[in-house]
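Report on one structure; see the data block that follows.
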2 protein chains.
Amino acid sequence: MASQKHKLSANMEDYLEVIAMLKDEKGVVRVKDISDRMNVKKPSVTAAMNSLASKGLIEHERYGYIDLSVEGEKLAREVKERHDMLTRFFMDILGVSENSAETDACKIEHSLSKETSEKLMHLVEYLEMHAGERPPQWLKNLNEYIGKNK
Amino acid sequence: MASQKHKLSANMEDYLEVIAMLKDEKGVVRVKDISDRMNVKKPSVTAAMNSLASKGLIEHERYGYIDLSVEGEKLAREVKERHDMLTRFFMDILGVSENSAETDACKIEHSLSKETSEKLMHLVEYLEMHAGERPPQWLKNLNEYIGKNK
DNA sequence: GAAATATGTTAGTCTTGCTTAACTTTGTTA
DNA sequence: TAACAAAGTTAAGCAAGACTAACATATTTC
């Protein structure tokens, strides 16, 4: 079996996700970048990197750059996918402010079961699909009811 | 000011919620009941009770029963309300199994911002309202699309 | 290329929340 | 009522994750 079931803590998932984001943004990732982005101090990052490296999810040479392993990359993408889906749900469907949507997505992206996140994904797809093609009355009603533009 | 902004941890919110449930079910609440319900050992409960008592959220005499204070009762009800709303959303709208719905609700009930949970509450109300009065076509489509009855 | 600055790591501490083992108190029952 | 069982508490310890202070390595810059 290629990938043994890593049961990562929410915290470690957050670190992985941020590493993936920084890699996308800047190409390379350093302790300092992570520390700034996550509002933690550098020693906390070092400790987290040791933990992730010991699980084979990142590669990290002392004083050097940090990179995701294949396995780590895969996990990070899964988390990010849930995160983005949740953000879309909160913003596009519920009309929550970007700020709250991001914050809430960050917190619950680690807790949803596979079953629930898949079904929620379907809901988002369905609603966005219909929202795109001249919104039917019921979606307008819904948005008004929820108070999207209050 | 009557109630200073208690920023409770997710764990402490769980204890409060369980105390409220047990009080409803049995009338009185003991350490043993909480320990059984939450799958933790009794010393963990004792520690948690000391913490909640020091915050004025419960009353607890040594070797005696546990009861919610007015403030604790209020908080517990708020958590339970979010919990129930989430469970309904997962089950009634998404068609998630009761088991996953309960588990997921338990985990994220502590993390949602006020803004998001209020709007989600509105969504649930809106959809349930329309589901009740001979479900319109779009709701059927939605449920099929999500795969509610797969 | 040496000094100054930026970045990274180590060591030690704190908090939260859990555990086990041992002890105390309360309740039951013969 | 004495003894046993059930429930509660205390003490000690562990693990995750965060922090500060101090030290080590890289990178700039003059």
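Proteins come first, then strands; the chains are lettered A, B, ... in the order of their sequence lines, and each starts at number 1.
A/Lys41 places its NZ atom 22 Å from the P atom of C/dG12, with the value rounded to the nearest Å. The distance between atom CE of B/Met12 and atom C1' of C/dT15, rounded to the nearest whole Å, is 12 Å. Remark: P of C/dA6 and OH of A/Tyr65 are 16 Å apart, rounded to the nearest angstrom. We find that OH of B/Tyr63 is positioned 19 Å from P of D/dA5, with the value rounded to whole Å. In this entry the distance linking CZ of A/Arg37 with P of C/dT7 reads 15 Å, nearest Å. Taking atom CD of B/Glu61 as the reference point, atom C1' of D/dG8 lies 14 Å away to the nearest angstrom. One atom, CE of B/Met38, and another, P of C/dG17, lie 10 Å apart when rounded to the nearest Å. One atom, CG of B/Asn50, and another, C1' of D/dG8, lie 11 Å apart when rounded to the nearest Å.
Distances were taken from every side-chain heavy atom of B/His60 (C-beta onward) to each of D/dT9, C/dT9, C/dG17; the shortest belongs to D/dT9. In this structure, the nucleotide among C/dA11, D/dA18, C/dT19 sitting nearest to the side chain of B/Ser44 is C/dT19.
Put simply, the side chain of B/Ser113 never gets that close to the backbone of A/Ser100: no donor and acceptor are under 3.5 Å apart. Between the side chain of B/Asp33 and the main chain of B/Arg30, a donor-acceptor pair closer than 3.5 Å is present.
Counting non-hydrogen atoms under 4.0 angstrom, A/Lys32 reaches the backbone sugars and phosphates but no base. Using a 4.0 Å heavy-atom criterion, one finds that A/Lys42 contacts the bases of the nucleic acid, with or without backbone contacts as well.
The side chain of B/Arg30 places no N or O atom within less than 4.0 Å of a non-bridging phosphate oxygen (OP1 or OP2) of C/dT26. Note on A/Arg62: every side-chain N or O is 4.0 Å or more away from OP1 and OP2 of D/dA24. For D/dT10, neither phosphate oxygen OP1 nor OP2 lies less than 4.0 angstrom from any side-chain nitrogen or oxygen of B/Thr46. Between C/dT16 and B/Tyr15, no contact under 4.0 Å exists linking OP1 or OP2 to a side-chain N or O. For the OP1/OP2 pair of D/dA18 and a distance below 4.0 Å, the side-chain nitrogens and oxygens of A/Asn39 include no atom meeting the criterion. The phosphate of C/dT16 has neither OP1 nor OP2 within less than 4.0 Å of any side-chain N or O from B/Ser51.
Side-chain contact between B/His83 and B/Glu78 is absent, with no heavy atoms from C-beta onward closer than 4.5 Å.
Inspection of the B/Glu59 and B/Ser69 side chains reveals no N or O donor paired with an N or O acceptor under 3.5 Å. Counting only N and O atoms by type, the side chains of A/Asp67 and A/His60 include no donor and acceptor under 3.5 Å apart.
Each of B/Ala47 and A/Ala48 has a nearest nucleotide on DNA chain D; the 5'-most of these lies closest to B/Ala47.
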